[in-house]
Amino acid sequence: MAEILLETQDIIKEFPGVRALDNVSFKVKENDIHALCGENGAGKSTLIKVLSGVYPTGSYEGKIIFNGEEKSFENIHQAERDGIAVIHQELTLFEELNVAENMFMGNEISNKGFVDWNEMYQETNKWLKKLKLAGVKPTTKVGDLGVGKQQLIEIAKALVKNSKLLILDEPTASLTDNEVELLMDILRDLRAEGVTCIYISHKLKEVFEIADYISVLRDGEYIGGDQKENLTEREVVNMMVGRSIEQMHPKKTKKAGKEILKVNNLNLTNNEGDQLLKNISFDLAEGEILGLFGLIGAGRTEIANTLFGYLQGKKEGEVYLKEKEVDIRSPKEALHQGIALVSEDRKRFGIIPPMSVKENISISFLEKFKKKLVIDQNKEIVKTSELVDQLRIKTSSLNEKIINLSGGNQQKVILAKNLLETPKVLILDEPTRGIDVGAKQEIYELMNQFAEDNMGIIMISSELPEILGMSDRILVMHEGEITKEFDNRNKEISQEEIMVYATGGKIDG
Amino acid sequence: MADNKKIKFDLRTYMMIIALVSIWIIFSFTTDGSFLTPRNISNLFRQSVFTSMLAIGMVMVIIMGHIDLSVGSIVGLAGGVVAILDVWQGMNPIVSIVITLLLGLILGLWNGWWAAYRKVPSFIVTLGGLLIFRGVLVGITRGTTIGPMSDLFYYLGKGYLSQEVGIIFAAVVGVFLVFVQWRSRKNRLKYNFDVLPLHLAILKIIFSVSLLVVFILVLNAYRGIPIPLLILTVFLAFFIFITNNTTFGRHIYAIGGNADAAKLSGIDIKKITLVVFMINGLMASIGGIFLTSRLNAASVAAGDGAELDAIAACVIGGASLSGGIGKVGGAVVGAIVMASLDNGMSLMNVENFWQSIIKGLILILAVWVDIYTKNKETA
């Protein structure tokens with residue numbers, strides 16, 4: 001029987017108005033890879049922060065028992081000293097510094113106050129070899145490495161400190177499939193050497209591949225956990241959302257109607273002279289969901305941004321909206337013509353953090369509420385609160401700042417903003433990125449509802465199940481060109497077929 | 001969503017007023033009451049007009065996520081030009097004022113064009129402006145002091161409304177306040193929103209009207225409402241209205257909150273940026289006219305460093321230099337806080353260097369308190 005390395009007893013952590021953790025008690029066995037699952041806002045990050053000393057002792061209730069002793073960490077350093085290291089979702093490396101400097105940041109090997117470079121480089125080499133980073137030198141600048149390798153450097157940095165417990169928060173969020181495989185291998189090696197891991201992830205496939213034990217948090221409570229062998233994906237999802245999801249992708253009943261958008265031989269060359277889009281031609285009908293799939297850099301987002309008038313450059317070709325040719329040169333014109341875009345990068349292009357939910361919804365179509373130069377704020381409240389109800393946005397009030405909402409609800413606010421004036425064409429660029437399972441399904445239901453309202457929807461996504469589950473037709477892109485169009489009304493297309501065209505027709509992709 | 005329609009009491013909005021009143025109470029003790037005499041209150045408000053004017057323009061620039069360091073130099077140049085037109089050219093005062101205001105708009109246009117259409121960071125553009133405009137001033141005045149100004153300017157800088165006119169003015173404002181409250185209440189009722197119970201609403205309006213009455217009585221107990229204060233009030237009301245109730249105002253906040261998202265929301269960022277810089281130039285030129293009027297002359301050093309006072313006023317008044325957050329009203333309260341510190345410490349005969357040190361410390365403290373309370377909310 002393996003020993004218990006970490007145990008929490010009745011952890012309660014409260015923020016003004018919310019109980020983020022509610023009597024969380026769980027145990028992590030030594031030498032296990034222990035997966036922690038939960039939707040966004042379930043309390044995973046809060047729990048990690050409690051465990052790693054980000055929230056000092058006294059700011060929460062309950063006990064942490066680590067390695068047989070009760071611990072009360074005042075700060076991160078104490079937790080690190082005792083052997084708990086966290087690898088956060090966002091990397092904390094210094095891109096301008098080299099691998100060795102990063103690995104020993106704050107922990108430099110020194111001799112009489114001077115950094116002992118030789119020793120440090122030697123140690124770094126040892127770790128690089130262990131992590132199978134053969135091509136990387138201790139003097140390589142971290143910024144020159146890919147994200148996957150940076151992630152491994154981050155792990156090495158934690159291991160250098162003799163960590164017994166490694167907590168990985170969504171480590172694969174920005175990794176490619178190969179890099180994920182590599183990471184999994186390394187975690188298995190580390191387990192063989194006696195390191196214990198808490199592995200936090202949305203991606204159940206990964207969790208089932210790597211974990212020994214799976215625990216689920218929901219709404220700040222510990223729902224349960226078991227050895228992986230005793231669980232199925234479906235069971236874990238049900239534990240996470242608290243209700244059973246009959247079908248992840250709700251059935252769409254609406255059939256495509258009249259043509260609403262037609263793109264003819266669209267070419268786009270940016271100011272640097274790179275051709276981003278080559279001979280793009282497609283059409284879209286009322287009530288239709290058109291899936292647009294491609295790997296990163298295939299030009300999906302470029303199509304969206306060009307149609308929306310955001311991307312500047314040399315443009316050729318015609319765009320017809322309801323059989324009328326349009327030349328859209330700014331987002332403003334696009335919105336007025338009835339083309340709406342929900343951008344892939346919600347933080348950068350979607351939300352306006354200091355503004356309220358109400359103000360974020362109304363910002364694109366303020367003229368709608370204008371009465372003699374003045375915004376009729378009562379009318380604004382009525383209209384925006386209708387949308388909040390319709391999209392079931394969870395917010396304490398219309399005046400809540402959008403930044404205080406969960407990712408899924410922020411996304412719904414961004415949707416609401418584009419529905420204030422019912423668009424003819426709604427472009428959704430990665431509409432479910434970074435939001436939890438429950439909210440995802442709600443977004444899918446909304447998409448069907450929009451189709452019911454005769455909007456034409458273009459859904460860009462890099463998640464194949466989503467593309468296959470939701471689209472009537474699928475366009476596959478590769479290097480700025482549309483390589484294949486699939487009819488998906490019968491939902492019979494396979495992931496493999498699509499990948500063949502997304503990788504440019506090579507079967508090995 | 002019933003609670004959306006409720007009226008909330010927001011402590012943070014009143015924090016500034018509470019801080020200001022505490023400062024006044026402290027000073028009235030440390031100066032044996034001479035701080036709170038009608039004469040001093042009247043002077044205090046007149047002194048705060050100049051920075052307030054600049055802060056109104058500046059706060060909009062700051063909300064938009066930009067900065068304008070050239071304000072002090074625009075003040076100087078505008079003050080110099082109005083003096084040249086008035087004293088050297090002997091022009092009609094009204095015409096000189098109109099030309100000077102136009103100049104302010106053009107200088108703002110210059111800043112705004114570089115910042116919006118040429119994408120030069122506003123810090124750099126206006127740092128350049130600071131040097132250029134001051135240089136032009138020294139050039140056209142040949143380094144001399146120009147004065148005295150004609151009578152209208154004396155009235156603008158140091159005049160008072162007669163007591164009777166002051167009371168009529170107060171009555172008009174009072175009626176207007178009641179009317180606005182009543183209409184907003186009626187509108188909210190029409191939409192079935194929650195409103196304050198009638199007796200509380202009446203109490204609230206009685207409170208604000210009596211505050212107005214007391215204020216006017218205090219000013220009348222000295223010489224009446226100072227003309228500069230009157231003009232400031234008009235601009236203050238106008239720009240509070242603009243920022244709170246128009247699409248233009250909302251767009252300023254959106255740009256400062258997230259410029260990329262604002263652009264995708266169909267906002268014409270360049271145009272709004274340009275206009276806000278022009279308004280700031282206009283406000284600075286008004287500040288320049290006031291300064292020249294009050295000093296009865298224009299000098300090459302006029303307005304030197306005024307932009308820093310204006311920025312400090314905005315920041316004390318709750319504006320965030322990272323954009324998206326701030327209030328016109330807050331900036332003016334910030335300016336009054338600064339003027340109160342100047343005035344109170346001068347009454348106490350605190351030496352100049354101490355005044356500067358204390359003001360600096362209070363600026364840092366004010367922002368720290370703001371950050372601290374915000375962290376508590378979100379941590």
Side-chain angles (χ1 to χ4, degrees), chain A residues 15-16 55 59 305 308-310 330-336 341-343 345-355 357-360 362-367 369-370 373-382 384-386 388-389 393 395-404 414 417-418, chain B residues 1-8 10 63 65 183-195 241-271 318-320 322-326 373-379:
Chain A
F15 296 115
Y55 297 136
S59 68
N305 286 345
F308 196 61
Y310 183 68
S330 72
K332 193 175 177 173
E333 282 177 47
L335 287 167
H336 282 272
L341 169 70
V342 174
S343 159
D345 192 339
R346 183 166 62 241
K347 249 187 194 149
R348 186 166 164 217
F349 292 112
I351 63 169
I352 302 176
M355 290 183 117
V357 169
K358 177 187 73 181
E359 290 167 329
N360 266 287
S362 63
I363 192 71
S364 292
F365 292 107
L366 275 174
E367 302 82 44
F369 306 114
K370 228 155 92 170
L373 295 173
V374 179
I375 303 170
D376 181 341
Q377 312 213 0
N378 291 328
K379 208 167 143 193
E380 186 187 6
I381 292 173
V382 170
T384 50
S385 95
E386 268 172 31
V388 165
D389 289 342
I393 298 171
T395 172
S396 65
S397 92
L398 279 183
N399 294 320
E400 186 67 69
K401 286 191 178 164
I402 190 169
I403 195 75
N404 295 334
I414 301 304
K417 157 184 173 168
N418 285 296
Chain B
M1 304 293 337
D3 57 341
N4 292 323
K5 297 150 193 168
K6 274 193 191 133
I7 300 140
K8 269 198 198 156
D10 181 9
I63 292 169
R183 206 186 54 176
S184 133
R185 186 183 171 82
K186 205 181 74 175
N187 274 332
R188 287 183 73 91
L189 282 173
K190 201 170 78 187
Y191 281 95
N192 273 327
F193 294 171
D194 291 341
V195 290
F241 178 80
I242 292 284
T243 48
N244 286 341
N245 297 303
T246 65
T247 52
F248 174 71
R250 203 62 83 71
H251 288 173
I252 298 176
Y253 281 96
I255 294 171
N258 183 348
D260 287 324
K263 185 160 187 206
L264 282 187
S265 304
I267 295 174
D268 192 341
I269 297 187
K270 290 175 183 167
K271 198 173 86 192
S320 157
S322 44
I325 298 170
T373 50
K374 241 181 245 161
N375 279 348
K376 260 190 140 175
E377 272 173 27
T378 53

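Residue numbers start from 1 in every chain, and the chains themselves are labelled A, B, ... in the order their sequence lines are given, proteins ahead of strands.
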Item checked: Which atoms of I351(A) approach chain B - backbone, side chain, both or neither, heavy atom under 4.5 Å -> backbone
Next item on the list: Measure distances from I267(B) to the heavy atoms of chain A and classify the residue's part below 4.5 Å as side chain, backbone, both or neither.
Entry: side chain
Next item on the list: Could you give me the CA-CA distance, side-chain angles and deciding distance for K370(A) and T247(B), then say whether side chain to side chain contact (heavy atoms under 4.5 Å, CB included) is met?
Entry: CA-CA 8 Å; K370(A) 228 155 92 170; T247(B) 52; 3.5 Å; yes
Notebook entry, point to check: Tell me, side chain or backbone of I363(A) under 4.5 Å from chain B's heavy atoms, or both, or neither?
Noted result: both
Notebook entry, point to check: In Å, rounded to the nearest 0.5 Å, how long is the span from NZ of K332(A) to CD1 of I269(B)?
Noted result: 11.5 Å
Item checked: chain B contact via E380(A) - which portion, at a heavy-atom distance below 4.5 Å -> side chain
Checklist line | chain B contacts, top residue of V357(A), L341(A), V374(A), N360(A) (heavy-atom pairs, under 4.5 Å) | finding: V374(A)
Check: From L335(A) CG over to S265(B) OG, what is the distance, rounded to the nearest 0.5 angstrom?
Finding: 7.5 Å
Next item on the list: Count the heavy-atom pairs under 4.5 Å between each of F349(A), F369(A), Y310(A), F365(A) and chain B, then report the option with the highest count.
Entry: F349(A)
Next item on the list: With a 4.5 angstrom heavy-atom cut-off, could you sort out which part of D376(A) is near chain B: side chain, backbone, both or neither?
Entry: side chain
Notebook entry, point to check: Are any side-chain N or O atoms of E333(A) and backbone N or O atoms of G266(B), one a donor and one an acceptor, separated by less than 3.5 Å?
Noted result: no
Margin query: Minimum heavy-atom separation for G323(B) and P354(A), please, with both atom names.
Written below: O-CG, 4.5 Å
Check: Checking side chain to side chain contact (heavy atoms under 4.5 Å, CB included) for the pair F193(B)/V382(A): CA distance, chi angles, key distance, verdict?
Finding: CA-CA 9 Å; F193(B) 294 171; V382(A) 170; 3.7 Å; yes
Checklist line | chain B contacts, top residue of P353(A), S362(A), G309(A) (heavy-atom pairs, under 4.5 Å) | finding: P353(A)
Checklist line | Distance, nearest 0.5 Å, that separates CD1 of I381(A) from CZ of R188(B) | finding: 5.5 Å
Margin query: Please classify the contact of Q377(A) with chain B as side chain, backbone, both or neither, using a heavy-atom distance under 4.5 Å.
Written below: side chain
Next item on the list: Calculate, to the nearest 0.5 Å, the distance between atoms CG and NZ belonging to N258(B) and K347(A) respectively.
Entry: 11.5 Å
Next item on the list: Any chance you could measure S330(A), atom OG, to D268(B), atom CG, to the nearest 0.5 Å?
Entry: 8.0 Å
Next item on the list: With side chain to side chain contact (heavy atoms under 4.5 Å, CB included) as the test, would you mind laying out the steps for I375(A) and F248(B) before giving the verdict?
Entry: CA-CA 10 Å; I375(A) 303 170; F248(B) 174 71; over 6 Å; no
